[in-house]
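Structure first, then comments.
Whatever order the structure lists ligands and atoms in, that order sets their numbers, starting from 1.
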Amino acid sequence: MTKSKFIIHYLLLNKYSYLFAILCIFVVNYLQVEIPRYIQLAVDLLNQSTIESKEGLLENVQWVIALSVVMVVVRILSRMYSLNPGRITEATLKNDVFHRLNRLPSTFHEKYASGKLISIINNDLNGIRLFYGIGFLQLFNILFALSLTPIWMWRISPELTLYSVIPIVIASVIFWLGFRKLRALHSQRLIRLQNLSEQLMNYLSGIDLIKNQQMGDWVTNEVDKVNRRLFDCTMQIAKIQTFFMPILDYANHFMKVLILGLGGYYLLQAKLSIGEITAFLSYSVLLALPLMHLGRIATVYQMGMISIDSVQNILNNEVPSTDMLRMSDAEKSSLRGSTLLVQNLSYSYPSAKNEPNELVLKNLSFTIEPGEKVGVLGSIGSGKSTLVNCLNHHLSLEKGHIFWGSKDITQMSRQDWRSYVRTITQDPFLFSDTIFENVKFGANHQGQATDDLDVEQVLELSQLSEDVRRFGAGDQTLVGEKGIMLSGGQKQRLSIARALLTPSDLIIMDNVLSAVDYETERTILKAVFNRIQGQSLLVVSHRVSALEYMDKILVLEQGEIIARGTHAELLGSCSYYRETWELQQHETETAA
Ligand SMILES: Nc1ncnc2c1ncn2[C@@H]1O[C@H](COP(=O)(O)OP(=O)(O)OP(=O)(O)O)[C@@H](O)[C@H]1O
């Protein structure tokens with residue numbers, strides 16, 4: 001979406017409010033120029049002492065009071081109907097941005113750090129709220145004030161109007177120069193805010209490490225450097241706003257002096273009355289007020305434009321077209337319990353320079369039949385997690401390599417694919433909530449009704465019940481940010497419980513038992529086997545003991561399957577498998 005289309009799209013969201021607001025702003029500005037006319041008539045009648053003049057004076061004063069009351073009411077309405085759309089647009093955009101972030105592929109998140117995104121959602125969207133709220137109100141205020149006021153001034157004295165406008169024209173040119181300089185500074189400031197937010201987010205995520213390693217001083221120093229750059233930029237903006245922007249304010253005072261001087265001269269020549277000069281002075285204020293606001297509006301406009309760019313950088317990223325597809329219920333159920341077929345799968349991570357990178361997976365082919373339990377053994381860096389991320393379509397793939405039954409997984413949305421496959425990753429993510437809510441996370445979204453009994457059951461299966469009972473508040477215990485209260489093994493078991501809660505056709509466990517001892521590993525796997533009868537299982541590990549009871553094991557080395565078979569077969573046929581097994585057996589015995 002282009003910038004102008006973006007602006008119009010979100011303006012149209014509140015079109016009726018804006019139309020009503022424009023009408024109100026026009027009425028306010030019209031009344032503003034009408035009131036001085038009655039003041040002028042009243043002042044001119046002050047000099048006369050006839051009964052008619054007293055009645056006329058009273059009538060004019062009544063008009064001034066009545067019009068002022070109407071103006072106040074309409075002004076309140078104009079503010080309500082022009083400021084609220086800004087808040088509505090901000091809230092709508094927050095949802096739109098978050099919705100898009102949820103659907104963008106992982107490659108997007110590799111480019112944008114979370115801290116930066118948080119800064120855009122907070123600071124930039126705030127700028128957009130002002131743009132669509134106060135920016136809109138003041139734009140029309142200025143437009144109407146600058147078009148109506150000179151006409152009413154001209155009616156009194158064309159000559160005096162021309163002289164009064166001269167200082168304003170000169171000031172506007174100077175103002176424009178400052179305005180251009182400010183735009184670049186505002187853009188820099190938002191980028192520096194994003195950098196600071198990114199850095200703070202990084203350091204706060206690793207606050208334990210920083211404290212343990214006594215790195216507090218160094219980190220404070222680093223934050224100070226980024227903060228100082230932000231401060232310098234903010235100060236430059238403040239300087240321009242303090243010295244440049246009030247130029248219109250100075251012009252206003254100069255204009256008043258001109259009106260009084262020249263007006264007095266015309267009064268002596270009987271070209272103008274006192275009432276007319278009084279009205280002229282009122283008009284000069286009406287002309288100056290919006291001009292004085294111009295500095296603020298210019299800031300709002302610039303911030304709005306820069307913020308729109310930032311938000312568009314997110315919204316203009318295309319969600320892969322297949323992710324927009326939804327399978328019908330009939331098609332979904334026809335694919336339940338299918339075979340997973342991997343055919344000549346190769347993968348290389350995209351490089352920063354868009355050059356082809358080294359292949360991390362090389363020409364892999366295998367199947368996982370319904371209900372089959374398959375293991376993948378591989379040393380560190382052999383490509384196990386990459387394979388998992390291909391299978392669950394976390395990574396973007398070419399079509400024709402992974403099929404679920406007859407369906408190519410790249411031709412279905414990730415959301416549909418997730419209804420068949422549940423992945424337990426090696427870095428389980430826990431939310432800052434209770435154990436119970438963490439286990440249940442996502443279950444309701446998948447349309448699965450779960451009750452407390454189910455949660456209890458899966459905690460038991462994943463060997464976590466005993467630990468949970470020991471916590472004071474049981475499964476209502478808060479796990480802290482990212483599960484800081486739990487050990488690595490407890491986190492892993494909690495994420496297994498989460499995956500077991502709702503049924504799926506294939507469960508992928510990526511090295512999730514590395515933080516538990518061999519005995520617990522065996523018990524958990526046995527429980528998982530019992531629970532998921534009929535469902536397929538892929539267990540990825542560098543521990544042979546975790547794969548011993550699998551129907552089939554694939555041995556992965558440097559992205560290639562170098563052997564496949566059952567545990568017994570591989571002990572005979574694959575030296576790497578046998579050596580790993582013997583080494584790990586020896587480690588277990590030594591540990592015992
Ligand atoms: N996002 C990425 N961008 C570029 N290269 C990556 C990325 N993720 C992994 N790699 C590279 O791909 C190779 C395989 O990594 P992968 O994480 O799949 O191995 P692994 O077998 O799961 O290792 P481990 O047992 O340590 O988890 C490694 O050389 C790694 O550096």
Check: L391 main-chain N/O paired with W417 side-chain donor or acceptor under 3.5 Å = yes
At a 4.0 angstrom heavy-atom cut-off, what protein residues surround ligand 1?
-> Y349, V360, S379, I380, G381, S382, G383, K384, S385, T386, Q426
Under 6.0 Å between the ring centres of H401 and Y347?
-> no
Sole residue of D505, T502, N392 in side chain to side chain donor-acceptor pair (under 3.5 Å) with R422 | T502
Applying side-chain contact (heavy atoms from CB on, under 4.5 Å), name anything that partners D224, two or more places apart in sequence or on another chain.
-> R228
Do NZ/NE/NH1/NH2 and the carboxylate oxygens of R564 and E569 come within less than 4.0 Å?
-> no
V311 and L93, any side-chain heavy atoms less than 4.5 Å apart | yes
